[in-house]
There are 2 protein chains.
Amino acid sequence: MQQTLTIGKLAKKTNVSIDSIRFYERRGLLAEPMRTEANYRCYPLDTAARLRFIKKAQKLGFSLDEIKGLMDLQHDPDATKADVKAQTKEKIKDILEKIQDLTRMLAALEKLDASCDGHGPTAECPILEALAADDSQGCHH
Amino acid sequence: MQQTLTIGKLAKKTNVSIDSIRFYERRGLLAEPMRTEANYRCYPLDTAARLRFIKKAQKLGFSLDEIKGLMDLQHDPDATKADVKAQTKEKIKDILEKIQDLTRMLAALEKLDASCDGHGPTAECPILEALAADDSQGCHH
DNA sequence: ATAAACTCTTGACCATAGTCTAGAGTCAAG
DNA sequence: CTTGACTCTAGACTATGGTCAAGAGTTTAT
C-alpha cells in the first residue's frame with residue numbers, strides 16, 4: 001500500500017478532469033509527479049489539497065497564473081504574508097471595478113428596457129434606436 | 001464625389017481597427033461592401049453607424065453573436081419590439097447574476113484579507129490556509 | 001488469456017475577440 | 001515615375017482554460 005494515486009483516482013477524488021490535471025502540470029501549477037516503471041504518474045495524497053486550492057482560488061476569480069503566483073509564494077521562504085495580502089487586495093480592487101462596470105451596464109440596459117413598451121414591430125424600437133444613436137457630436141475638436 | 005469610404009477612412013472615423021472591421025465582416029456583423037475595380041472595399045457612410053451600434057452594444061456586455069442577433073432583428077420585418085425587449089431582459093438577468101457572483105467573491109476575499117495581519121512569513125498565512133482547507137468533510141455520503 | 005479499462009504522448013481543436021504577418025497589388029504626392 | 005502609404009487575401013498567432021483524438025502501451029478483471 002503505497003500512499004499514491006493514479007491520475008484517474010485523483011481526478012475522481014477531486015472532481016477535476018484528467019485532462020485538466022495534466023494541463024495544470026504543463027502550466028506549472030502541479031509539480032511533475034513520480035512515475036511508475038510503466039511511466040504512469042503516481043501522485044502523493046496531498047496533491048488533492050493542491051487541486052482544492054486551485055479550484056477555490058479559481059472560484060474567487062484568480063486566474064491560473066495568479067494561482068501559480070500564490071502557490072509559489074506559499075513555498076518561498078523569503079515571501080511574506082504582506083505579499084499574499086497585497087495580491088488579495090489587488091484582486092479585491094479588480095472585483096470592485098468589475099462590479100462597478102456591470103452596475104453601469106445594468107443601469108443603461110434598464111433605462112433602455114423601461115423606454116420600450118414591447119409592442120409592435122422593431123421599426124421604431126427605442127432600444128435599437130438608442131444603440132444606433134450617433135453621439136460623436138459630444139466631442140468636437 | 002461618391003458617398004463611400006475606404007476601410008482606412010472608416011477605421012479612423014470610428015476608432016475601430018481595420019482588422020476588426022474585416023473581422024466583423026467575416027463574422028456577419030457587417031454586410032460585404034461593394035468593391036472598386038481594384039477590389040478595395042468601399043463603404044456607404046452609414047456603415048459608421050453600424051459600427052457605433054456594435055461598439056455600444058459591446059460596452060453593454062453583449063457578445064458579437066448577440067449583437068448580430070439584435071441587428072438581424074432590426075431588419076427583420078416579422079421581428080417585434082418584444083423580441084428586442086426579451087433579449088435586453090435576458091442580458092439584464094445575466095448581468096445581475098454576474099454582479100451577485102462577484103459580490104460573493106468580494107465578501108470571501110475581504111474576509112480572508114481581514115483575517116491576516118500582514119506581518120511575518122507565509123508559513124502560517126491565514127489566506128493561504130483558507131484556500132488550502134479541506135472542506136470535503138461537509139459532504140459524507 | 002483475453003477483453004475492458006486505464007494511461008501515456010503529441011498535437012489538434014473549442015469559444016471569444018481580435019491582432020499580426022507575408023507577399024502581392026494599388027493609389028497618391030513629389 | 002518612383003516612393004511611401006494604403007489595401008488585398010490567407011492563414012498564423014495572442015490569451016484563457018481547457019477538451020478531444022489517435023495510436024501505443026499497461027493493468028485489471030473474468
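Side chains included, hydrogens not; waters and symmetry mates left out as well; all remaining heavy atoms used. Each chain gets a letter, A, B and so on, in the order its sequence line appears, and its residues count up from 1.
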**Item:** Distance below 4.0 Å between B:Arg35 side-chain N/O and D:dT9 OP1 or OP2
**Value:** yes
**Prompt:** Among D:dC6, D:dC8, C:dC8, which nucleotide sits nearest the side chain of B:Asn39?
**Reply:** D:dC8
**Item:** N/O donor-acceptor pair under 3.5 Å between A:Glu110 side chain and A:Ala107 backbone
**Value:** no
**Asked** For every nucleotide of nucleotides 22-30 of chain D, 5' to 3': is a protein heavy atom under 4.0 Å from its base (B), only from its sugar-phosphate (S), or from neither (-)?
**Response** ---BBS---
**Request:** Mind checking the OG1-CZ spacing from B:Thr47 to B:Arg52? Nearest 0.5 Å is all I need.
**Result:** 10.5 Å
**Request:** Grab the NZ-C1' distance between B:Lys68 and C:dA17 for me, whole Å please.
**Result:** 16 Å
**Request:** Please check the phosphate of D:dC6 (OP1 and OP2 only) for any side-chain N or O of B:Thr6 closer than 4.0 Å.
**Result:** no
**Prompt:** Under 4.0 Å between a side-chain N/O of B:Arg41 and OP1 or OP2 of D:dC8, yes or no?
**Reply:** yes
**Fill in**
Taken to the nearest whole Å, CD1/B:Ile7 to C1'/C:dT26 is 15 Å
**Item:** Donor-acceptor contact below 3.5 Å, side chain B:Lys89 vs main chain A:Asp113
**Value:** no
**Request:** Answer yes when A:Asp117 and B:Lys85 have at least one side-chain N-carboxylate O distance shorter than 4.0 Å, and no when they do not.
**Result:** no
**Protein-nucleotide distance (B:Leu29, atom CG; C:dT16, atom C1'), rounded to Å** = 13 Å
**Prompt:** What's the CD-C1' distance between B:Glu66 and C:dA17, to the nearest Å?
**Reply:** 14 Å
**Request:** State whether B:Asp72 and B:Lys68 are salt-bridged, where the test is any N-O pair (Lys NZ or Arg NE/NH1/NH2 against Asp/Glu carboxylate O) under 4.0 Å.
**Result:** yes
**Request:** Could you state the atom-to-atom distance from NZ of A:Lys9 to P of C:dA5 in whole Å?
**Result:** 15 Å
**Fill in**
In B/S/- notation (B base, S sugar-phosphate only, - none; protein heavy atoms under 4.0 Å), nucleotides 14-19 of chain D written 5' to 3' is ---BBS
**A:Glu32/A:Arg41 ion pair, N-O < 4.0 Å** = no
**Complete:** Separation of D:dC8 atom P from B:Glu32 atom CD, nearest Å, is 12 Å
**Asked** Is the side chain of B:Thr6 donor-acceptor paired with the backbone N or O of B:Lys9 at a distance under 3.5 Å, no angle test?
**Response** yes
**Request:** Quick one: closest heavy-atom pair of A:Phe62 and B:Leu109, and the distance?
**Result:** CE1-CD2, 3.7 Å
**Prompt:** What integer distance in Å separates B:Ile67:CD1 from C:dG18:C1'?
**Reply:** 13 Å
**Request:** Check every strand shown and say whether A:Arg22 touches a base, only sugar-phosphate, or nothing at a heavy-atom separation below 4.0 Å.
**Result:** base
**Message:** Just the rounded figure in Å: distance from C1' of D:dT7 to CD1 of B:Ile21.
**Reply:** 13 Å
**Prompt:** Atom CG in B:Leu70, atom CD1 in B:Ile54: separation rounded to 0.5 Å?
**Reply:** 11.0 Å
